[in-house]
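First comes the structure, then the notes that go with it.
When reading the values below, keep in mind they use all heavy atoms of this one structure, side chains included, and skip hydrogens, waters and symmetry mates. Proteins come first, then strands; the chains are lettered A, B, ... in the order of their sequence lines, and each starts at number 1. Every value quoted in this text rests on a predicted model; they were computed, and no experiment measured them.
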2 protein chains.
Amino acid sequence: MNLREDVAPAAERDLDEAARHASARSARAGALTEDYVEIIADLLESDGEARPTDIARRLGVAHTTAIKTIARLKRDGLAHAKPYRGVFLTEAGQAMARRVRARHQTVVAFLRTIGVRPEVAEIDAEGIEHYVSEETLSAFERFIASAPRDSD
Amino acid sequence: MNLREDVAPAAERDLDEAARHASARSARAGALTEDYVEIIADLLESDGEARPTDIARRLGVAHTTAIKTIARLKRDGLAHAKPYRGVFLTEAGQAMARRVRARHQTVVAFLRTIGVRPEVAEIDAEGIEHYVSEETLSAFERFIASAPRDSD
DNA sequence: CCCAACATGTAGCTAATGCTACATTTTGGC
DNA sequence: GCCAAAATGTAGCATTAGCTACATGTTGGG
Ligand SMILES: [Mn+2]
Ligand SMILES: [Mn+2]
Ligand SMILES: [Mn+2]
Ligand SMILES: [Mn+2]
């Protein structure tokens, strides 16, 4: 019988952990894109247009930073824009926006449900949202549905 | 009376949202540092040493990437190392490791408590952990404590 | 209708985080 | 004790994401 108490051999454990970190790296890379798409959708809905300056102000970055990122969104088929004309979302961009906005709402609602104050829930959700899998999101939704409502 | 239904003026809402995104950006910048420190602490505990190659394998990156990041940890007073001798944590590094490891455990335990499968909980926690405020972490701990235990 | 304010865009810098290619150092098996 | 494999390190490249400085385009108030 084996003297070592390991359930999985060390090499396999390393591979698993590497895969987890790779997954987190990938999510981190997509986080900014998701925030831009979400903000553009919000602006288009509330103002009818999404100007680079407004996007930059919402994010708290210089307008040049926003312009450069918007160029990447265009390159990746998520947005389009004519010079001096504001930014619009492609079909793919709109699909991402719907998904990202719903997830954002769910994460905020969930944090509030477990007793986090609204302002703090908004802050934490802005980061957490990008790392929540479908399975975890479902667990959040299940929990919200089963919890007693505030309004009662 | 005001025809507009806004509770907060638009400018103020923009400032709030910008602050939330700034907070998330700041957390994102620290995430990699936290993972390195956590992994180094794990290796020191299990193997008695933390070699750059082992750190790189755990993260799933090239060893040169790890070496460059370790240089940053040293620059920032979190680690020290002699050439060809492996990496060690300073007092500050050890303090960060304790905090980060405890938080990681809490996030995983919390996700499992709400019904996320263990493997998925580990994956999601690897990202989520870096964006959880003290207040949210407390809410997680409260919930874990109040939930029925598996082992019963 | 013009011009000043504002929005937009370009150029170029820095830092972080990844990579590959290559060089050097250490170390363990024979 | 040698030497080949493994570990470590250096150099240099790319991309992302931030910045400032400056240039150009648009537009509305007087
Ligand atoms: Mn976000
Ligand atoms: Mn969001
Ligand atoms: Mn992590
Ligand atoms: Mn972790």
Report summary line: With the side chain defined as heavy atoms from C-beta on, B/L32 is closest, among C/dC19, C/dT8, C/dT17, to C/dT17
Query raised in the report: Which nucleotide in the set D/dT26, C/dT26, D/dT8 lies at the smallest distance from any side-chain heavy atom of B/R85?
Result: C/dT26
Does the side chain of [X] get closer than 4.0 angstrom to OP1 or OP2 of [N] through an N or O atom?
X: B/R28; N: D/dT16; result: no
X: A/R75; N: D/dT16; result: yes
X: A/T65; N: D/dC19; result: yes

[X] has an atom [atom1]; how far is it from atom [atom2] of [N], in whole Å?
X: A/K82; N: C/dG9; atom1: NZ; atom2: C1'; answer: 17 Å
X: B/D54; N: D/dA6; atom1: CG; atom2: C1'; answer: 11 Å
X: B/L73; N: C/dA16; atom1: CG; atom2: P; answer: 11 Å
X: B/R51; N: C/dT27; atom1: CZ; atom2: C1'; answer: 11 Å
X: B/I55; N: D/dA7; atom1: CD1; atom2: P; answer: 13 Å
X: A/E49; N: D/dT27; atom1: CD; atom2: C1'; answer: 13 Å
X: B/K74; N: D/dG9; atom1: NZ; atom2: C1'; answer: 10 Å
X: A/R25; N: C/dA16; atom1: CZ; atom2: P; answer: 18 Å

Hey, does the side chain of [X] reach the backbone of [Y] with a donor-acceptor pair shorter than 3.5 angstrom?
X: A/T113; Y: A/I144; value: no
X: B/R117; Y: A/E135; value: no
X: A/E126; Y: B/S23; value: no

Query - No-H, no-angle donor-acceptor pair, A/T64 side chain to C/dT8 base, under 3.5 Å - result: no
Report task. Kindly say whether, by distance alone, the side chain of A/K68 makes a donor-acceptor pair under 3.5 Å with the base of C/dG12? Result -> yes
**Report entry** Which residue lies more 5' along DNA chain D, comparing A/D76 with A/H63 via nearest heavy atoms
**Finding:** A/D76
**Report entry** Along DNA chain D (nearest heavy atom to each residue), the more 5'-positioned of A/Y84 and A/A62
**Finding:** A/A62
Query raised in the report: Should the ring pair B/H80 and B/F88 be called parallel, tilted or perpendicular, given that the plane angle runs from 0 to 90° and is split at 30 and 60?
Result: parallel
Query raised in the report: Looking at A/R57 and A/D54, does any basic side-chain N land under 4.0 Å from a carboxylate oxygen?
Result: yes
Report task. Could you check whether A/R57 gets within reach of a base, just the sugar-phosphate, or nothing at all, counting any heavy atom under 4.0 Å? Result -> nothing
